[in-house]
Amino acid sequence: MLHAAKKYRNLLRIQPKPKKSTTVKGGAHQHPVRGGVDHGQGQQPQGDSGPVNVHAPVPTTQQLVCHPARSFLSGAHDFHINKFDFVDSSKTIQGNGYVDASQHITVNRYSGGGESSGWDTLLQNTAPSALLDSQSYAAGRCDDDTRLDVLSDIDAWIHDTTSPQKLLCITGPVGCGKSALQRTTAERCSAKGTLAASFFFNSSDPARNDTAYFVPTLGYQLASDPGIRASIVACIDTDPLVFKKSVRSQMDAMVISPIRQAIVTSKLSGSNAASLPLPNVIIIDGLDECKGDSMQTELLKALEHLVRSLTAVGFPLRVIVTSRPEWTIWSAVEANGHISSLARHLKLADEYDATEDIRRYVTRHLGEIASRTRDPRVRARGGWPMQEEVDALVHNASGQFIYVVVALNYIGERHSSPVDRLKTVLSWSPAEGKHQAHPLSPLDTLYAGILENAQGAYEQFEHNSGVENIVILIRLHQFNKGARFMDRQGKGLSLDLPGFEAFLGMQDGETYGLISDMRSLLTIREGAQTVAMSMSQKEEDAKHPLPAGYDHIHFYHKSLLDFLDDPTRAGDLYVPNAEVACHMAVCALQQIIGAFDHDIESLLQGETIPNSGAADTSRLRVLSFSLQILVSALPDLVHLTQPFLFHTLHLHRSRGVGEAG
């Protein structure tokens, strides 16, 4: 280094001395050039006060590095220097000239022409709010004694290096605790040193609701390894427009290639990819909050490319993705989906019953609320809350954490009594809505947003239901599933999904497409499907059991059904029971009118009509259901359905006359 410094001082001495001070014009101002640096129009330069002498121009990077007579890096090539410092007690490089600094020592940074480095450019394209430890990341974590079974299974999957499934897709309805699971898993991996990167999508944050910042943010986190950082920076310096390319191209440039290079380097030192001391877990939360099906699909395909590429070179990558079970991810991970062969699909609400976790969560947090309230009733009653109040909250949650989170936030509001607020949550009636907002109004806002978005997609979907409103369709299934109509013996009337589709005039299986944008609220349960259900769900299903093997619509949230039944909560989305009943009556009439060639009287008497096979059996079952719907509901429907009855009969008679002619 002493020899290099001596050569550099010799280089400085051969330059001509300055003849005069120089000033430059900058907008409306004139100011001295300090160190020969033009700081831009109207901007005051940094450094010592007063003008300084300006010497000849500073040597270029090419001159410093490559000129054989002047370089202290003689013979070096194929690289560039960005932002380097020089210290000299008598002569100093500063900006684009030499400065007489005989009275002080100056440290100056040469910025290579002012261009940002690859690292600076990467930072500009990173989303800090998407990071695990971001100040703006608001999702909670799992309590220490909750979701232990799920977390244990996730941990086992991460460490199972023999599994062919390198991608874990966790889907679940809105509010079941997916983000809390992801944050807890990410924190655990970070503590173990296995967290490579994470990204938490959020539909309300412009930096986190599309793919623009996704790959650069992963790259930023991977760059904690010096070798990977150097590879990423070199890539950006070579191709500054990489951020404008497809997600897959960005993934190649800023994630796959740097890790591959690290693997090559490790092999040269005698190691292999599996033993590479690099973190190997990538966590992505809320894929459904990335706006647009096309972006979600592009991201999933890029993740597939990532997994296949790094698996091919032996790197033990693990990627965990959570999402509501929306169509894009559902179709990708289910049978014949493009990532089904390399992904494990964990259906959170179906495979794990969270009832007892919710009970512990409610008990602990109500205890914390009780400890800080001054309401004397908390202690005077010999203990608050009462067990039946806890049981009611747990029952209403239907196995979904979001209900109790919203309820507890309302109950724990510090300016009110938790005793009164708990009563309000459990016994709120529409009459009270005239004076105060519903305690679960944040949940109502969430439901309304999902339903309104689903309505937009529903209007674009070609279907045969004859139902123009998605909420009416949901309410029809609600009536069917809940057996709102009774037969003469007091037994609830209900059809399985194929039968109810036929009753509504739909094609077999058409419902799957129609509800694809509402899988976060409801799903189709196949009769033979074994699922983990909450106690409240089991109790509800036990009231109106369907025969074994029957498919049916399943509602994840009891609070959603309460929302749909309450005009003060549903607002413009509310569909009155009478209107749903009218639709049922019209559908029943259409089935009856279309069956004139069958013995209706025999069906009413409960007699069996000979049939030629399963198709006839199914058709007759739908017809019998239709007749019983009309008979059982006739007293309540006459004044509501009369206009529909006459209109429908008139249409069918007109068609019959026309066809006969």
Side-chain angles (χ1 to χ4, degrees), residues 127 130 154 157-158 163-174 178-179 181-182 185-186 196-203 205 207-219 221-222 242-257 259 280-312 315 317-348 453 457 512-513 516-520 523:
I154 293 173
W157 175 83
I158 289 173
S163 173
Q165 298 165 324
K166 314 300 182 184
L167 180 62
L168 178 62
C169 293
I170 304 175
T171 63
V174 58
K178 301 181 294 297
S179 292
L181 275 173
Q182 283 289 67
T185 301
S198 61
F199 194 99
F200 293 84
F201 282 100
N202 186 296
S203 59
D205 184 348
R208 293 192 284 156
N209 65 7
D210 63 20
T211 57
Y213 297 94
F214 175 68
V215 177
T217 304
L218 298 186
Q221 295 168 85
L222 291 170
V242 65
F243 303 101
K244 304 300 182 183
K245 295 186 176 181
S246 68
V247 178
R248 175 171 173 147
S249 295
Q250 291 184 46
M251 192 73 77
D252 269 325
M254 290 181 276
V255 177
I256 296 173
S257 293
I259 293 178
N280 65 320
V281 180
I282 294 177
I283 288 178
I284 301 163
D285 179 60
L287 177 68
D288 57 283
E289 300 208 37
C290 177
K291 62 183 181 183
D293 292 347
S294 59
M295 280 192 181
Q296 294 173 17
T297 299
E298 184 185 17
L299 194 149
L300 282 172
K301 289 184 176 180
L303 289 176
E304 177 190 6
H305 176 57
L306 168 68
V307 171
R308 294 190 188 280
S309 298
L310 293 185
T311 299
F315 185 70
L317 180 68
R318 292 291 184 273
V319 179
I320 306 175
V321 179
T322 55
S323 174
R324 296 177 189 173
E326 306 296 1
W327 175 252
T328 301
I329 190 167
W330 190 271
S331 60
V333 298
E334 284 296 276
N336 301 319
H338 67 88
I339 60 173
S340 58
S341 62
L342 54 81
R344 174 188 170 188
H345 187 189
L346 192 158
K347 302 172 186 176
L348 197 57
N453 289 336
Y512 284 85
S516 61
D517 292 291
M518 293 183 294
R519 289 183 179 272
S520 57
T523 189

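Computed from a prediction, not measured in an experiment: that's the story for all the values here. For the single chain, residues carry numbers from 1 onward in sequence order.
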Open item on the list: Using only atom types and a distance under 3.5 Å, with no angle test, would you say the side chain of Lys166 pairs donor to acceptor with the backbone of Glu304?
Closed with: no

Task: Geometric class of the Trp330/His345 ring pair [parallel <30°, tilted 30-60°, perpendicular >60°] - done: perpendicular

Open item on the list: Can you tell me how far apart CD1 (Ile329) and CD1 (Ile170) are? Round to the nearest 0.5 Å.
Closed with: 10.0 Å

TODO: Check for a donor-acceptor pair, side chain of Gln221 on one end and backbone N or O of Ser198 on the other, with a separation under 3.5 Å.
DONE: yes

TODO: Using atom types as modelled and distance alone, determine if a side-chain donor or acceptor of Lys178 lies under 3.5 Å from a backbone N or O of Gly172.
DONE: yes

TODO: For Arg344, look at atom CZ and say whether over 12 heavy atoms of other residues, nucleotides or ligands are found less than 6.0 Å away.
DONE: yes

Open item on the list: Please enumerate all residues that pass salt bridge (charged side-chain N to carboxylate O under 4.0 Å, His left out) together with Asp288, with sequence neighbours excluded.
Closed with: Arg324

Open item on the list: Looking at Thr171, is its backbone amide N or carbonyl O close enough to the side chain of Ser323 to form a donor-acceptor pair, meaning the two atoms are under 3.5 Å apart?
Closed with: no

Open item on the list: Give me the atom names and distance for the closest heavy-atom approach of Asn209 to Ser203.
Closed with: ND2-O, 3.2 Å

Open item on the list: Under a 3.5 Å distance rule, please check whether Ser309 uses its side chain to pair with a backbone N or O of Leu306 as donor and acceptor.
Closed with: no

- [ ] Could you check if a side-chain atom of Phe199 sits within less than 4.5 angstrom of a side-chain atom of Leu299, using non-hydrogen atoms only?
- [x] no

Task: Flag if over 12 foreign heavy atoms under 6.0 Å of CH2, Trp157 - done: yes

Task: Residue list, salt bridge (charged side-chain N to carboxylate O under 4.0 Å, His left out) with Lys245, at least two apart or on another chain - done: Asp239

Open item on the list: For the CG atom of Leu168 and the CD1 atom of Ile284, what is their distance to the nearest 0.5 Å?
Closed with: 11.5 Å

Task: Interatomic spacing from OG1 in Thr322 to CZ in Phe200 - rounded to 0.5 Å - done: 8.0 Å

- [ ] Calculate, to the nearest 0.5 Å, the distance between atoms CG and SG belonging to Asn202 and Cys290 respectively.
- [x] 11.5 Å

- [ ] Would you give the length of the straight line joining atom OG of Ser331 to atom CD1 of Ile339, rounded to the nearest 0.5 angstrom?
- [x] 9.0 Å

Task: Glu289: salt bridge (charged side-chain N to carboxylate O under 4.0 Å, His left out) partners, not counting sequence neighbours - done: none

Task: Validation row: Phe243, Pro216 side chains within 4.5 angstrom (heavy atoms) - done: yes

- [ ] For the pair Thr211 (side chain) and Phe214 (backbone), establish whether a donor and an acceptor sit closer than 3.5 Å, ignoring hydrogens and angles.
- [x] no

- [ ] Decide if atom OH of Tyr213 counts as having more than 12 heavy atoms of other residues, nucleotides or ligands within a radius under 6.0 Å.
- [x] no

- [ ] Measure the spacing between CD1 of Ile320 and CG of Leu181 and express it to the nearest 0.5 Å.
- [x] 10.0 Å

- [ ] Take Thr297 and Lys301 through the test side chain to side chain contact (heavy atoms under 4.5 Å, CB included) and record every step on the way to the result.
- [x] CA-CA 6 Å; Thr297 299; Lys301 289 184 176 180; 3.8 Å; yes

